[in-house]
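Let me begin by presenting the structure, written as structure tokens, before commenting on it.
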Amino acid sequence: MPEDTSRFPIPTSLQELEREPYNLLPYPNDFDDDDDAVRADSFLQLVTLLERGNQALLSGGIYLFQKDDDGYDPWMDGERVQAMYTLVRKSTSLAPSTRWLLIQALCQAVKTLSSILSDETDEADREIEETHGTAAQSGSSGRHMVVSQEFRDAYACHLYMLFSVMFIMESEAKISSGMVKSRGGGKSIDSNLGVEGEDTVQMRSACADAMLSAARSMSQNRFKLWQRGVPDESVVGLPCRIAYQMLESATGVFARKAASSDAALAMIAATIDSTESMMGTVLAALMDLMHSFEHMAALCAELCTIVSTNRLAMELIREVGRLDTNGSNDTGKASGIKFVAPFVCELALHRPQLVLANFSHLLPHLESEPYFLRSAILTALGYIVEYIGKALKPNSGESGDGIDSSGELETSPVNLEKSRSALLDILQARAHDVSSYTRSAVLKAWIRLAQAGSIPVDRILRVTRMAVDRLQDKTVIVRKQSLQLLTTLLENNPFMGDLDPTPYRVKLSEMYDFVKANLPVNINEAYQTSLANAKENGDSVEALFELEQATLAAAIAEAEAMDSMDQVDEKENQFRSKVRALKFAQSALEFIDQFENASVNLNGLLLSANGSDVTEALRFFVKARHFRLPCAVTGMRQALTLMWSTDQSIKDEVLKAFVDVFIAVPGTDEGEYLPSPQIANNLLTLTEEATVSELASIEEAISLLVKDGRIPAEVFSSLWSSISSVSGDARATALQVLSMAANADKGIVDSKSRLKIILDFALGDYTEEKRHWKLAHSASLALQRIERAQVNPSCAKFLVLEVIIDQLCAVARGDWCIDSVEKDTLEWFAAAEQAIGALFVISPEPEKSCAEIVRGMHSRTIASSTTGLEKCHPMRLARFFHVLGHIALKLLVYTEALSGSVRRATAKKNLKMQEETDKANRSKSRALNDKIDNLEDELGMAAELEAEDERKVAEIAEKEIVGRGLLSMFSPILARVVANEGGKFDSEVLRQTSTLALCKFMCVSSSFCEQHLPVVFTALANAPADDVTLRANTVIALGDLAFRFPNEVEPYTPRMYACLRDSSTKVRRHTLMVLTHLILNDMVKVKGQVCEIALCLRDLDQRIRDTSRHLFHELSKRSNNPVYNLLPDIVSQLSKIDILKEDFRSILSFLLGYIKKDKQNEMLMEKLCQRIPKCHSISQKADIAYCMAQLKVNERSIKSLVDNFKLYKDSLYDEDVKKHFFSIISKAKKFVKPELKQALEEFETKLNEESELGKENQLAGEKAAKAKAKAIKSKGEGRRRKIRVEPILESDEEPDLGSDWGGDCITDKENSVMSGTPIKTESNKKSLRSLRTIGQQGYF
């Protein structure tokens, strides 16, 4: 070989060393392997040989590589190379200790060689510097510092052996951990942490350290190793090759450490920095790794930050820009692009200026198909904008990335501002991307920008509008991100922390007045001139307002122009500052209005079926409440309805939001509570204007919080203190809040002192004088939270309760009401109900108290009226009936409660007796047998007594309360008023209360209900059209009756369905809610009237449509799917009524969507085919065909169509019918088997032929009809007087005519009468037959 030729060129594989020019053997000639022990000793001897060589290298240094005269290499001889090859080749079979010694020896040799190379370079540099100076050093390094070929060969050999050991070790680790490299098939590797032992990790770390030393040494000393510094790529590439293998295993934080990925990245970086010619190879390898492994994108981005130049990053960006995204639906290709995509955003996170400089390569991919690539680019765009925002801030400290000339970026503020504006436009436009994942990524980018304060102030409103718009997105992830963006914008808004619009409106008005009063001279003159002209022309107020707005806009523009002026006087400066304040207030109000306009969508998200929507909306409203946005109040009230959610996590989130808003200090996460008076005031504010449903939700929330101890006790003390010092409404609200809390802790109300407060300040003189029924209502609610009074005249609490009971009776009787004031009675109704309810809770004998109330009211109404019932004041009579009905209902509840108490006591006693019996049965003593028998007898008697008690209670409810008791005396009067025969009772309030009272009586007794149902339904039918409340209340009452006595109400079910056609939306809505409740609880059978509910799917009211959809949805979830059984009946009834085609098809399209089973689809297809001949018009047939087209199609369905072809072939001439049948054929083609495809095409051809034939017949019939009509019109008038009209006779002599046309035939004589000429030809006969009907109608 020539002198400078390498004796150790890097082989392509380890086994190649056994061929030329290496000629190594698998084992040395003296290798002894008689048995395993001897074999292990032989391997150990080879390792010892390597260690001795390493010692010689340490002592001899570079001088060992000088050949003697015979060409012998004293260190790198054949024996050492052979030993290394044998050990490396058999490294997998070595004992762990021997393998570790081998690795240590190789690593020591490589490190020593690298160290010698660096030391020799430093020494040579010092010698040259001493002899020739620094200039000579740079000029001579390439000519005089090259090491010998022997050193290069030794270096290459040891480096390759180390590489081979590492390669074998990595392959072994992958196999042992079950890791298989997959190209584009999802996550390609599993973490091998826990599978690999500590020994493997330790060996890998040692090898990586040695290989990194070699890489850095070759990088720093390439002029010493190779002539002119041109490296041998096969040697320089070894660290990179093994680094790629190591990086494949670095899947996570722990696996990355175990795989020594930091060292691997450093190897690649050192190679790239020293050898530019390796850039292409490294680039291709990195792209291949990113395509194959999901975790490689982040590692490649990190590598770009380690290398000393930007070229690698720029080339990788260009490669990403060149990705072919066509055909990305292919699984392997799609996953490869998906793995590469994160590289862009990871690099932008660390080197945003570099990505910005090369962003043009990535822009075309924003129109590519893979959404993950678009998402990554847009995420990177967000990082770039964030960087620009920081760079534009004064004293930001942001600097460039050291981009070289090929990637140089102009970083002047003007250019950066332009770049930011363009990038933000792209980011904003992509909020409407076709992919929900990309839209979500865009919103996440906006969230980061908002958190970093990188959104320009002039874009805040646009971004807010965009986020509000995305609240209506169809996907959950986008709605979630839009809510988070709105919350972030609120937290980082450029305005003040208080976003209450009132101060801003006041400020805006002041600024407008100032600007109008201080307009610049030129603008003021123009405005006055234009205003005078407008008034002369008589312009409208709108035109004058537009003129004023244009003037203000001009003034604002003038003030903005002053910013560029160097010097302005004091007046101009003041004007400019006022205009800025005006613009600030205007922008703040626009920002607030964006949230107010979104309140409908935000409240809708609280009702979403998705928990993520609900949770994020709650968090937004909590934040909005802290900023005092008006929409937060309504939002929190709406959110409280979620207290009834079945999802416990949502309930917990609602309670947390409640505490954050009303109880805890904002931002402390319940760590610190507000002062007690402030909490009390917050609860009062929340409760003040709440509706009945909202109050129920608030009560549930407060009860749970009190039970959990999350409301301080001092809050309730503060509320009790405020009762004596505040006005009536506030006092009532405070009592209401206290009653809510007493649901969980009765001690909040149940004490003598607090009962005395209720008596003095809620049921005392103030309430009587002011007739403050709301206060009496709240007091009654609070009293319902205490225990029943125990008769004890010596107890002060009992004495207080006695007075309270008297006052409650006075409230229930309406002693303080004024008959002439209708509003007074209307407000009294709710107070009377709660007062009666309180009596049944606290009175020792509530039935006696109620009897006193009834007698007292009777004496002042009916008994006091000397001129008859009709002359009694209607308000007084309404109050009497209201009390009668409510007492009847409460007596029923009270009776059942007493019965339940008796049953529970009996059951407890029986359980104790049963336990004694069981205990006795376990005893072996005969003496206890008699006792056992006695106990069993007692248990049997107890069961009989329990049954007897239940029978008596049922008899009391059925016969005593409204049958034979005090209340029964007034039932005839009540029925008479409800019937209102002769219209004597014309008071609307009286009609409503009497009907409701009668329905309450009917709820008590089934016989009474059956007797008076006709009266109620007659009153419902005769109710005035404007009395919506009467009809709505009656429908709800009938629903309660149907639930309690279904058999009695069942015959009247059609009359309840009829209310679905009521003119009032409220009545229809209540009726549908009642029927939905009854149907879903199986209290009412779904019969033929279900068509009425189906029509509600097209009601004008959204809530009615939603309720009907909910009903059918719940029915479809049942095992037998009643919707399938109801469909034929619905189709039949809808065909008989006058309904728009769009409504019919919309209803059936919705209902047919619930037919999922193939068998049901097949049966429906058959039934609909059979129905077509029964249709009376072609439009009905088209509707049936539409229904058939909505069904799922299978082979049996197509067979049914073919078999029933004769039933619908005559209808195919209609384009609508034909379109639907061809729609069925199109769906069938998608699944049909190849052997049936021809049959389907033949059937399609048959449909086409029959359609064309039908069209020709239809056209011929129309022409004949026109011709005959014309003939009759021209000749009929002249002959009408001469022709004797004979009766039309049925003809049995021409069966062909009757069979052809399916109807009666006219005689020849009649034909001649109509046409004026005898019929002699067959064509005339046919023409006249086709016009028989028209002729009869037109002439006779």
Side-chain angles (χ1 to χ4, degrees), residues 345 349 371 374-386 388-389 420-421 423-495 497 499 587-588 590-606 608 610-627 629 631-632 635 639 653 657:
C345 52
L349 178 61
Y371 71 85
R374 298 198 306 273
S375 301
I377 294 172
L378 292 168
T379 303
L381 191 150
Y383 290 133
I384 294 170
V385 172
E386 183 178 351
I388 295 175
R420 180 171 70 170
S421 179
L423 294 176
L424 287 175
D425 288 339
I426 295 173
L427 200 59
Q428 191 166 346
R430 281 292 157 180
H432 299 88
D433 194 277
V434 293
S435 170
S436 60
Y437 296 102
T438 303
R439 297 196 297 273
S440 176
V442 169
L443 293 174
K444 285 181 181 178
W446 281 112
I447 292 171
R448 284 192 299 272
L449 292 175
Q451 290 172 341
S454 298
I455 302 178
V457 176
D458 59 350
R459 272 192 190 262
I460 292 292
L461 291 177
R462 279 185 280 175
V463 175
T464 307
R465 280 193 291 269
M466 176 196 69
V468 170
D469 177 67
R470 289 299 89 207
L471 290 176
Q472 303 178 58
D473 200 281
K474 62 182 180 181
T475 53
V476 176
I477 55 173
V478 179
R479 296 197 299 270
K480 178 180 179 180
Q481 298 302 328
S482 62
L483 279 167
Q484 290 181 355
L485 176 56
L486 285 174
T487 305
T488 308
L489 288 170
L490 201 57
E491 291 174 340
N492 300 277
N493 75 85
F495 312 103
L499 292 179
S587 299
E590 290 178 3
F591 182 73
I592 295 169
D593 289 341
Q594 292 297 324
F595 290 96
E596 293 303 302
N597 296 335
S599 60
V600 175
N601 294 331
L602 292 166
N603 291 338
L605 290 176
L606 289 173
S608 172
N610 187 277
S612 174
D613 288 341
V614 177
T615 302
E616 292 300 331
L618 279 170
R619 292 172 182 170
F620 168 79
F621 280 122
V622 170
K623 192 64 63 177
R625 177 66 177 173
H626 293 160
F627 282 91
L629 278 176
C631 66
E653 193 68 34

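With rounding to the nearest 0.5 angstrom, the CG atom of L443 is 9.0 Å from the CZ atom of R439. Here CD1 of I592 is found 5.0 Å from CG of L499. Values are rounded to the nearest 0.5 Å. We find the CD1-CG distance between I455 and N493 to be 11.5 Å, quoted to the nearest 0.5 Å. S440 OG to Y371 OH: the interatomic distance, rounded to the nearest 0.5 Å, is 11.0 Å. Separation of atoms OH (Y383) and CG (L378) is listed at 12.5 Å; rounding is to 0.5 Å. To the nearest 0.5 Å, atoms CD1 (I426) and OG (S421) are separated by 10.0 Å.
Partners of T475 under the side chain to side chain donor-acceptor pair (under 3.5 Å) rule, at least two apart in sequence or in another chain, are D473. With sequence neighbours excluded, the residues that form a salt bridge (Lys or Arg N to Asp or Glu O under 4.0 Å) with K623 are E491. For the salt bridge (Lys or Arg N to Asp or Glu O under 4.0 Å) test, no residue two or more places apart in sequence or in another chain qualifies with R625. Considering only residues two or more places apart in sequence or on other chains, F620 meets the ring-ring contact (aromatic ring centres under 6.0 Å, His included) condition with F595. Residues satisfying the side chain to side chain donor-acceptor pair (under 3.5 Å) criterion with Q594, sequence neighbours excluded, are absent altogether. In this view, D613 and R479 satisfy the salt bridge (Lys or Arg N to Asp or Glu O under 4.0 Å) rule, not counting sequence neighbours.
For the ring pair (Phe, Tyr, Trp, His ring centres under 6.0 Å) condition, no pair includes a residue of residues 450-481, sequence neighbours left out. Residue pairs that meet the ring pair (Phe, Tyr, Trp, His ring centres under 6.0 Å) test with at least one member in residues 451-495, sequence neighbours left out, are F495-F584, F495-F591. Residue pairs meeting the side chain to side chain donor-acceptor pair (under 3.5 Å) criterion with at least one member in residues 449-458, sequence neighbours excluded, do not occur. Listed by first then second residue, pairs satisfying salt bridge (charged side-chain N to carboxylate O under 4.0 Å, His left out) with a partner in residues 447-457 number zero, not counting sequence neighbours.
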Please lay out, stage by stage, how R465 and L461 fare under the test side chain to side chain contact (heavy atoms under 4.5 Å, CB included).
CA-CA 6 Å; R465 280 193 291 269; L461 291 177; 4.0 Å; yes
Could you walk me through whether Q481 and I447 pass side chain to side chain contact (heavy atoms under 4.5 Å, CB included), step by step?
CA-CA 8 Å; Q481 298 302 328; I447 292 171; 3.5 Å; yes
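Taking all atoms of both residues into account, the shortest heavy-atom contact from A467 to S482 is O-CB, 3.5 Å. Residues A624 and L490 share a closest heavy-atom pair of CA-CD2, 3.6 Å. Of all heavy-atom pairs spanning A380 and C345, the tightest one is CB-CA, 3.8 Å. Taking all atoms of both residues into account, the shortest heavy-atom contact from L606 to G635 is CD1-O, 3.5 Å.
In this structure, the side chains of L486 and L471 come closer than 4.5 Å at one or more pairs of heavy atoms. Between K444 and T379 there is no side-chain heavy-atom pair separated by less than 4.5 Å. Residues M466 and L485 have side chains in contact (heavy-atom distance under 4.5 Å, counting atoms from C-beta outward). When side chains are defined from C-beta on, L423 counts as touching I388, because their heavy atoms get closer than 4.5 Å. Taking 4.5 Å as the limit, some side-chain heavy atom of V385 sits within range of a side-chain heavy atom of L381.
In the model, R459 has a side-chain atom that pairs as donor or acceptor with a side-chain atom of Q428 under 3.5 Å.
When each of L424, V463, L449 is tested with P456 by the rule side chain to side chain contact (heavy atoms under 4.5 Å, CB included), just one qualifies, namely L424.
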Below 3.5 Å, can you tabulate the donor-acceptor pairs from side chains in residues 430-437 to any protein atom, sequence neighbours excluded?
{"residue": "R430", "atom": "NH1", "partner": "L366", "partner atom": "O", "Å": "3.3"}
{"residue": "R430", "atom": "NH1", "partner": "D433", "partner atom": "OD2", "Å": "2.7"}
{"residue": "R430", "atom": "NH2", "partner": "L366", "partner atom": "O", "Å": "3.0"}
{"residue": "R430", "atom": "NH2", "partner": "E367", "partner atom": "OE2", "Å": "2.7"}
{"residue": "H432", "atom": "NE2", "partner": "D469", "partner atom": "OD2", "Å": "3.2"}
{"residue": "D433", "atom": "OD1", "partner": "R374", "partner atom": "NE", "Å": "3.4"}
{"residue": "D433", "atom": "OD1", "partner": "R374", "partner atom": "NH2", "Å": "2.7"}
{"residue": "D433", "atom": "OD1", "partner": "S435", "partner atom": "N", "Å": "2.9"}
{"residue": "D433", "atom": "OD2", "partner": "R374", "partner atom": "NE", "Å": "3.0"}
{"residue": "S435", "atom": "OG", "partner": "Y437", "partner atom": "N", "Å": "3.3"}

Mind listing the side-chain donor-acceptor pairs of residues 596-605 below 3.5 Å, one per line with the distance, residues two or more places apart or on another chain?
{"residue": "E596", "atom": "OE2", "partner": "C631", "partner atom": "N", "Å": "2.9"}
{"residue": "N597", "atom": "ND2", "partner": "D593", "partner atom": "O", "Å": "3.1"}
{"residue": "S599", "atom": "OG", "partner": "E596", "partner atom": "O", "Å": "2.8"}
{"residue": "N603", "atom": "ND2", "partner": "S599", "partner atom": "O", "Å": "3.2"}

